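Written below as structure tokens is the structure these notes are about.
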Amino acid sequence: MSADPAAVAESTRVQQAVVESVAPQFRHNPYDSYEILRATGPFVPGPHGTHLVTRHAEAQAILIDPRWSHAEEPELLHGDSDVELPGSFLWMEPPDHTRLRGLVGKAFTSRTVTSLQARAEHLVEDLLTAILAEREVDLLETLAYPVPLTLICEMLGVPAEAHAQVRAMSAGIARGLDPDVLLSPEELAARTAAVHEFTEFFGDLVEQRRENPQPDVITALVQAEEAGVRLTHTELIGTLLILVVAGHETSVNLIGNGVLALIREPGEFRRLRDDPDLAGPAVDEVLRYDAPVHLTTRTARAEITVGERTFAPGDAVIVLLGSANRDPAAFPDADRFDLGRYLPGQRAERHLSFGLGLHYCLGAPLARLEMRTVLRALGARVTDLGLLAEPSYRPNVVVRGMSELRVRVEGR
């Protein structure tokens, strides 16, 4: 009996959407592929026996359930790698995750982040003054990179002259977070070199802080370790790696994505200029609308039923955060950029860009502070934003963002 041509065509269309959802050449717009996958179902067969989680309700249920483990992600995405990323609480489960996250939380406190408000405001004001004088700039180089890079390096205690070196290492590692099958031999080699350089560079800083403590996060981590909380050298380096990459690369993309959305939706930019207090809730809409992190993985540790599907222990899923955040079943008019979506009283569904549960992003307060400060300054000082060229995108799948954003900026 011959196959139904319509069914074959639909199957081919879905398979193509699976490929395009992670293919580097579709980084500028994975959302059309996500729409096809969501229409297919909440779970779509993915690579290596995994399932792609496409919808908000199912993604939320998985992320918040501690029976789903994140510890297997290195094996899932980098199983054939010849280099190991240093151990981090990001890829651990209790009790190790609880121990390490609690330790890092003592060093990376909300008070530490809040104390950066004035520094962030001055930094953004200075950068924006230079941008307005120049008028035509690459906004990634002139704003999106300097803000989070400077703040995370100063928090950690990295000397100013080494900030560019940290950026280069971070870029190699961020690209290396993608599945190994999507990386070229040159990119794999660059990740290996970046990890080794990072380990040596921050290992030296750790030793310096042991001998000469400073008021910074590296010192706080070292002192907590030496005060009796168990933190190995490898765990310390792995924690610093995650703080640098998560505290830098993702925020670069968040700022870039937010500015691009304002350019493409000038009505929303006018709302921000008319009401600078929109800057706070606008952060969540940027996170929902065009998230800097598009996927994460989980592996079932028990038999678990999600929706109408039951997973066996060891079954793995790839949660498409970018797709879940555009699910029209969760967000009315989901493809519209609406700065007022998260205003008090709107009862909008929670976006998943920071994760949920045990692995909720530790750096969320810092990312919010940076984006809020940038949005408020843009609303107060910029009168017009325009694209000089269509933005180009890096090939990164996990940490998605642009490589260039050429803009014209007018203001005061």
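For this chain, numbers begin at 1 and follow the sequence in order. Keep in mind it's a predicted model, so treat the numbers as computed, not measured.
For the residue pair S323 / T54, no side-chain donor-acceptor distance below 3.5 Å is found, with atom types taken as modelled. S392 and S403 share a side-chain donor-acceptor pair at under 3.5 Å. Judged by distance alone, the side chains of E249 and S170 do bring a donor and an acceptor atom under 3.5 Å apart. Using modelled atom types, one finds no donor on one side chain facing an acceptor on the other under 3.5 Å when comparing T373 with E121. Between T129 and D126, the side chains place no donor N or O within less than 3.5 Å of an acceptor N or O (distance only, hydrogens not considered). Side chain to side chain, E197 and Q165 meet the donor-acceptor criterion of an N or O pair below 3.5 Å.
Heavy atoms of other residues, nucleotides or ligands lying less than 6.0 angstrom from CD of E35 number 12 at most. The environment of CD in E134 is sparse: at most 12 heavy-atom neighbours from other residues, nucleotides or ligands sit within 6.0 Å. Around atom NE2 of H122, no more than 12 heavy atoms belonging to other residues, nucleotides or ligands sit under 6.0 Å away. The local environment of CZ in R408 is crowded, with over 12 non-hydrogen atoms from other residues, nucleotides or ligands closer than 6.0 Å. Under a cut-off of 6.0 angstrom, the local environment of CD in E303 is sparse, with at most 12 non-hydrogen atoms contributed by other residues, nucleotides or ligands. Residue-environment remark: CD (Q25) exceeds the threshold of 12 foreign heavy atoms within 6.0 Å.
Side-chain atoms of H294 and P30, non-hydrogen and from C-beta on, do get closer than 4.5 Å to each other. Between T297 and T50, every side-chain heavy-atom pair lies at or beyond the 4.5 Å cut-off. Residues R298 and T296 are in side-chain contact: their nearest non-hydrogen atoms beyond the backbone lie under 4.5 Å apart. Counting heavy atoms from C-beta outward, L37 and V18 have side chains that approach closer than 4.5 Å. With contacts defined as side-chain heavy-atom distances shorter than 4.5 Å, the pair L254/L287 qualifies. For the pair L205 and P159, the minimum side-chain heavy-atom distance is below 4.5 Å. Looking at V158 and H163, their side chains come closer than 4.5 Å, going by heavy atoms from C-beta outward. For the pair L260 and P391, the minimum side-chain heavy-atom distance is below 4.5 Å.
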(message) As a quick check of understanding, evaluate side chain to side chain contact (heavy atoms under 4.5 Å, CB included) for L52 and V317, giving each step before the final call.
(response) CA-CA 6 Å; L52 306 179; V317 297; over 6 Å; no
(message) Set out, in order, the CA-CA distance, both residues' side-chain angles and the distance that settles side chain to side chain contact (heavy atoms under 4.5 Å, CB included) for V206 and L240, then state yes or no.
(response) CA-CA 10 Å; V206 165; L240 290 171; 4.0 Å; yes
(request) Could you check R350 against D284 for salt bridge (charged side-chain N to carboxylate O under 4.0 Å, His left out), going step by step and ending with a plain yes or no? (result) CA-CA 9 Å; R350 188 175 187 174; D284 281 296; over 6 Å; no
(request) Under the side chain to side chain contact (heavy atoms under 4.5 Å, CB included) rule, what do M155 and T112 come out as? Steps first, then yes or no, please. (result) CA-CA 8 Å; M155 283 186 72; T112 300; 3.5 Å; yes
(message) Run the side chain to side chain contact (heavy atoms under 4.5 Å, CB included) test on D315 and T299 for me, step by step, so that the C-alpha distance in whole Å, both residues' side-chain angles and the decisive distance to 0.1 Å come before the verdict.
(response) CA-CA 6 Å; D315 285 350; T299 300; over 6 Å; no
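The structure places CD of E154 at 11.0 Å from CG of D216, a figure rounded to the nearest 0.5 Å. A distance of 11.5 Å separates CG of D65 from CG of L356, quoted to the nearest 0.5 Å. To the nearest 0.5 Å, atoms CZ (R119) and CG (L369) are separated by 12.5 Å. Distance CZ/F311 to CD1/I62: 5.5 Å, rounded to 0.5 Å. The line from OG1 of T219 to CD of Q208 is 10.0 Å long, rounded to the nearest 0.5 Å.
Checked by atom type and distance alone, the side chain of E268 pairs as donor or acceptor with a backbone atom of L339 at under 3.5 Å. Without hydrogens or angle criteria, N212 side chain to R209 main chain gives no donor-acceptor distance under 3.5 Å. Here the side chain of T40 pairs a donor or acceptor atom with the backbone of I36 at under 3.5 angstrom. Between the side chain of T150 and the backbone N or O of V147, no donor-acceptor pair lies under 3.5 Å. The closest donor-acceptor contact from the side chain of N253 to the backbone of R400 lies under 3.5 Å. Remark: side-chain polar atoms of S251 are not paired, donor with acceptor, to backbone N or O of H248 under 3.5 angstrom. Distance alone, capped at 3.5 Å, is enough to place a donor-acceptor pair between the R288 side chain and the A334 backbone. Proximity of a side-chain donor or acceptor of R412 to a complementary backbone N or O of R381 within less than 3.5 Å is not detected. A donor-acceptor distance shorter than 3.5 angstrom exists from the side chain of D178 to the backbone of V398, with no hydrogens or angles considered. Judged purely by atom type and a 3.5 angstrom limit, E285 uses its side chain to pair as donor or acceptor with the backbone of D338.
The shortest heavy-atom contact between D32 and N29 is OD2-ND2, 3.0 Å.
Checked against the 6.0 Å centroid criterion, the rings of H351 and Y289 do not qualify as a close aromatic pair.
Under the side chain to side chain contact (heavy atoms under 4.5 Å, CB included) rule, V137 has a single partner from L405, L143, T142, which is T142. The side-chain hydrogen bond (donor to acceptor under 3.5 Å, both in side chains) test with Y31 is passed by exactly one of D335, D290, N325: D290.
Salt-bridge formation is detected for the pair R264/E390: a Lys NZ or Arg NE/NH1/NH2 atom is positioned less than 4.0 Å from an Asp or Glu carboxylate oxygen. Taking the charged nitrogens against the carboxylate oxygens, E265 and R270 have no contact shorter than 4.0 Å, which rules out a salt bridge. Between E141 and R167, at least one side-chain N (NZ, or NE/NH1/NH2) sits under 4.0 Å from a carboxylate O, which counts as a salt bridge. Between R135 and E410, at least one side-chain nitrogen of the basic residue sits less than 4.0 Å from a carboxylate oxygen of the acidic one, meeting the salt-bridge criterion. The pair R191-D180 meets the salt-bridge criterion, since a charged nitrogen lies less than 4.0 angstrom from a carboxylate oxygen.
Within the cation-pi definition used here (under 6.0 Å to the ring centroid, within 45° of the axis), R326 does not qualify as a partner of Y34. For the pair R341 and F331, the cation does not sit on the ring face, since its NZ or CZ is not both under 6.0 Å from the ring centre and inside 45° of the axis. For the pair R271 and F269, the cation-pi test (distance below 6.0 Å, angle within 45°) is failed.
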